[in-house]
4 protein chains.
Amino acid sequence: MTSGRPPRADALRNRARVLEVAHEVFAAEGLSVPIDEIARRAGVGAGTVYRHFPTKDALFTAIVVARIDRISARARSLATAGDPGQAFFDFFAYMVAEGIANKGLGEALAGAGVDVEALAAASDQELQRALADLLTRAQRAGAVRDDVGPREVKALMGGCATMERQLGASAPGRITTITCDGLRPPGARTPPG
Amino acid sequence: MTSGRPPRADALRNRARVLEVAHEVFAAEGLSVPIDEIARRAGVGAGTVYRHFPTKDALFTAIVVARIDRISARARSLATAGDPGQAFFDFFAYMVAEGIANKGLGEALAGAGVDVEALAAASDQELQRALADLLTRAQRAGAVRDDVGPREVKALMGGCATMERQLGASAPGRITTITCDGLRPPGARTPPG
Amino acid sequence: MTSGRPPRADALRNRARVLEVAHEVFAAEGLSVPIDEIARRAGVGAGTVYRHFPTKDALFTAIVVARIDRISARARSLATAGDPGQAFFDFFAYMVAEGIANKGLGEALAGAGVDVEALAAASDQELQRALADLLTRAQRAGAVRDDVGPREVKALMGGCATMERQLGASAPGRITTITCDGLRPPGARTPPG
Amino acid sequence: MTSGRPPRADALRNRARVLEVAHEVFAAEGLSVPIDEIARRAGVGAGTVYRHFPTKDALFTAIVVARIDRISARARSLATAGDPGQAFFDFFAYMVAEGIANKGLGEALAGAGVDVEALAAASDQELQRALADLLTRAQRAGAVRDDVGPREVKALMGGCATMERQLGASAPGRITTITCDGLRPPGARTPPG
DNA sequence: TATGAATGAGGGTTCATTCAT
DNA sequence: CATGAATGAACCCTCATTCAT
């Protein structure tokens with residue numbers, strides 16, 4: 001109920017454009033990119049960025065929230081899939097892939113530059129809940145070791161993304177494979193390929 | 001002919017003091033600490049820091065180089081120890097512990113702020129060689145899976161440090177345990193408990 | 001030929017609403033309030049404010065002009081009252097009260113932010129004339145010292161307002177009493193108590 | 001004990017130059033002058049200003065403190081002079097003259113732009129004490145009316161300065177004369193000149 | 001005509017690096 | 001050589017004013 005009429009078309013366009021550019025730039029260069037640079041690449045003035053997002057943190061938060069919400073939705077849809085183990089590890093790989101493509105998200109998850117947990121608390125908690133569901137189901141099915149909780153799994157996903165990005169294209173997915181193997185209970189390791 | 005005479009005693013002392021303080025500060029606060037602050041804590045002028053290290057990156061590189069060299073030495077000494085598997089995993093844990101205690105090193109390994117591989121290429125390669133020896137021996141002994149190389153192991157050690165630091169004191173070592181389990185070949189997992 | 005037809009009713013309403021809100025806001029918060037804020041409180045767009053008043057100064061000037069015109073009218077009506085001395089000092093107190101209630105007007109009178117005399121010259125001169133009449137009559141009646149002119153009296157009224165506002169509720173009216181005493185000719189001071 | 005050695009000559013020179021320029025500029029143009037402008041006029045970089053004064057407020061405070069301290073000293077020296085009434089009114093005129101020459105000081109005293117009482121609390125209180133001494137002595141001698149305190153007198157001095165500056169060179173001192181007359185007890189007015 | 005989004009020139013402040021003392 | 005003051009390029013953010021819708 002904050003607005004009495006629909007937002008203007010150009011405002012929506014600019015907002016979307018800023019979000020899109022900011023997402024690309026943050027993903028490619030990390031969080032230290034100046035707002036002025038984002039504005040320049042979006043073809044708008046710096047003030048326009050600030051009209052839509054009152055602070056740099058807010059802009060970044062908006063991007064991360066959208067990202068996390070999409071990820072949570074994916075987690076929710078997987079939670080009802082057939083095989084709990086498969087669902088859990090599919091989600092793990094999906095989230096790592098997201099993180100690889102996004103340097104800024106990685107920095108945020110690693111706690112460098114912004115405190116996402118503080119800024120995007122609601123989305124972060126929802127993600128944690130969805131993840132906890134996936135995890136618990138997989139653990140009950142005997143597909144995941146019992147001595148981990150959602151916090152550790154989240155950290156591992158963020159860490160895998162960072163490591164994979166760091167290693168570049170050589171041996172893609174190797175880090176994630178190893179980590180997932182480590183998450184399986186003893187005796188349930190994937191047979192060597 | 002970079003120097004006509006041996007360096008003065010006070011210059012050596014200052015250089016050592018700056019290195020020591022910078023190490024502590026970078027470890028505790030990360031790479032964003034201003035040079036002025038390091039100089040102040042070292043009890044020298046900012047110019048003195050720049051006399052010994054032409055840029056901030058160079059200072060940080062020097063610290064990392066010293067760190068890496070020490071780590072390499074440790075790797076070398078373990079390489080001749082009795083059990084290759086034990087040696088490898090001991091070294092893994094040792095390096096993670098180093099990384100946990102050092103925020104700046106973690107930032108660097110995560111790629112935020114400096115590109116260590118570019119700045120400390122020689123030491124980095126030497127570490128890689130020492131690590132390769134440990135790794136190969138452990139793999140030959142059947143203690144580590146065959147589909148990883150030293151680059152992946154190095155990334156995993158850095159990642160474990162970052163993740164453990166991020167999680168704080170809850171479940172200490174859990175991430176490292178999982179990762180090490182993932183590094184073992186199928187069938188060689190640690191028994192539960 | 002500034003307008004080919006009479007202004008529309010809604011335009012008049014908006015103009016009046018903007019003036020009213022701007023007056024309140026300037027009075028309460030001073031001149032540094034952004035135009036956007038005034039527009040928001042008036043329930044119009046910023047562009048509407050600029051349609052009616054080409055600059056921020058113009059808006060403020062319009063307010064001050066309206067204020068001054070009202071004050072001039074009061075001066076005119078007092079000029080025909082019975083006792084010239086009473087009329088003069090009544091008006092003095094009235095104008096100080098106006099100024100106390102209006103932070104923006106005080107800032108303008110103190111020369112901080114806008115040059116009212118330049119922007120509202122006509123109204124200012126009319127006020128000066130009305131004030132001169134009151135003053136001259138009071139001086140002829142022996143109620144006010146002879147060595148002051150309307151400019152000094154106007155400055156004193158603005159100054160009293162600023163000082164009273166600055167002192168807040170402690171000793172209300174003391175400054176004005178002192179100043180009015182100073183304006184009386186020697187021997188005509190108010191008796192103590 | 002904050003410094004182990006004497007400050008460098010150039011630093012002292014620059015600091016003094018910045019203070020001098022800032023004083024002139026604040027006095028002439030008021031508090032809204034950008035720091036960059038002050039730096040430019042002083043022939044230094046903006047960073048140099050910030051080395052000596054951590055914020056713009058701090059710079060302005062330093063200037064006001066120096067000013068107020070000088071004024072307090074003057075008040076103290078007058079406090080032991082022969083005639084209490086003469087001493088009080090001499091000081092009044094002196095402080096008004098100071099304020100006339102200084103637009104920034106006037107703005108500060110009028111509360112526009114900075115809260116001097118908060119930033120320069122110690123100096124402000126010392127001035128208030130010195131002023132209270134002068135005032136009490138003059139009141140005991142029957143030279144000043146009894147229903148005013150130091151706060152009112154300080155406000156009157158600031159107000160006189162602002163008003164005199166506003167009126168410019170016409171009728172110089174008239175405002176101050178009137179105000180001082182108002183401060184005398186009934187029956188003690190200066191005879192008409 | 002009304003709207004409110006877009007603009008862009010500054011403003012205060014920080015900090016890596018240089019250079020006078 | 002050591003010192004630490006000076007520099008100046010950025011950075012984040014605000015707001016008077018313009019202009020597309």
Side-chain angles (χ1 to χ4, degrees), chain A residues 3-5 7-15 18 32-37 39-40 42-57 59, chain B residues 7-11 14-15 32-40 43-57 59, chain C residues 7-11 14-15 32-40 43-57 59, chain D residues 3-5 7-15 18 32-37 39-40 42-57 59:
Chain A
S3 75
R5 68 184 64 195
R8 260 164 53 174
D10 58 345
L12 285 180
R13 239 192 344 263
N14 272 331
R15 189 190 152 93
V18 166
S32 63
V33 180
I35 286 282
D36 283 12
E37 173 70 9
R40 202 181 55 72
V44 302
T48 301
V49 177
Y50 279 96
R51 164 169 291 272
H52 292 294
F53 308 97
T55 64
K56 196 185 180 185
D57 275 4
L59 170 57
Chain B
R8 265 162 46 174
D10 58 345
N14 272 337
R15 188 190 152 92
S32 64
V33 178
I35 285 283
D36 280 13
E37 174 70 10
I38 291 172
R40 199 183 57 73
V44 302
T48 302
V49 177
Y50 278 91
R51 165 161 300 274
H52 292 295
F53 309 96
T55 65
K56 197 183 181 186
D57 275 4
L59 170 58
Chain C
R8 268 163 45 174
D10 58 346
N14 272 336
R15 188 190 152 91
S32 63
V33 178
I35 286 282
D36 280 13
E37 174 70 10
I38 291 171
R40 200 182 57 72
V44 303
T48 302
V49 177
Y50 277 91
R51 167 163 299 274
H52 293 294
F53 309 96
T55 65
K56 198 184 181 186
D57 274 4
L59 170 58
Chain D
S3 75
R5 67 184 67 194
R8 260 164 52 174
D10 58 346
L12 285 180
R13 239 190 344 262
N14 271 332
R15 189 190 152 93
V18 166
S32 63
V33 180
I35 285 281
D36 282 13
E37 173 70 9
R40 201 181 56 70
V44 303
T48 301
V49 177
Y50 279 94
R51 163 170 291 271
H52 292 293
F53 307 97
T55 65
K56 197 185 179 186
D57 275 3
L59 170 58

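Chain letters run A, B, ... following the sequence lines, proteins first, then strands; residues in each count from 1.
E:dC15: Watson-Crick or G-U partner is F:dG8, with both key distances under 3.5 Å. For E:dA20, the paired base is F:dT3 (Watson-Crick or G-U wobble, both distances below 3.5 Å).
Between C:Asn14 and E:dA2 there is a side-chain polar atom (N or O) within less than 4.0 angstrom of OP1 or OP2.
Here the P atom of nucleotide E:dT7 and the CZ atom of A:Arg51 are 11 Å apart, to the nearest Å. Look at CG on A:Asp10: it is 6 Å from C1' on E:dA5, rounded to the nearest Å. Rounded to whole Å, atom P of F:dG4 lies 15 Å from atom CD of B:Glu37. Look at CZ on D:Phe53: it is 13 Å from P on E:dT13, rounded to the nearest Å. The interatomic distance linking C:Arg40 (CZ) with E:dA5 (P) rounds to 13 Å, in whole Å.
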Applying side-chain contact (heavy atoms from CB on, under 4.5 Å), run through A:Val18 and A:Phe53 and close with a yes or a no. CA-CA 10 Å; A:Val18 166; A:Phe53 308 97; 3.9 Å; yes
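D:Arg15 CZ to D:Leu12 CG: the interatomic distance, rounded to the nearest 0.5 Å, is 8.5 Å. Note that OG1 of D:Thr55 is 8.0 Å distant from CD1 of D:Ile35, once rounded to the nearest 0.5 Å.
Of the two residues near DNA chain E, A:Arg15 and C:Gly43, the one whose nearest nucleotide lies more 5' is C:Gly43. Projected onto DNA chain E by closest heavy-atom contact, C:His52 and D:Arg13 fall at different nucleotides, the more 5' of which corresponds to C:His52.
A:Lys56 contributes a side-chain N or O that, together with a main-chain N or O of A:Val33, makes up a donor-acceptor pair within less than 3.5 Å.
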Each nucleotide in nucleotides 14-19 of chain F should get exactly one letter: B, S or -. Can you fill that in based on protein heavy atoms under 4.0 Å? BSSBB-
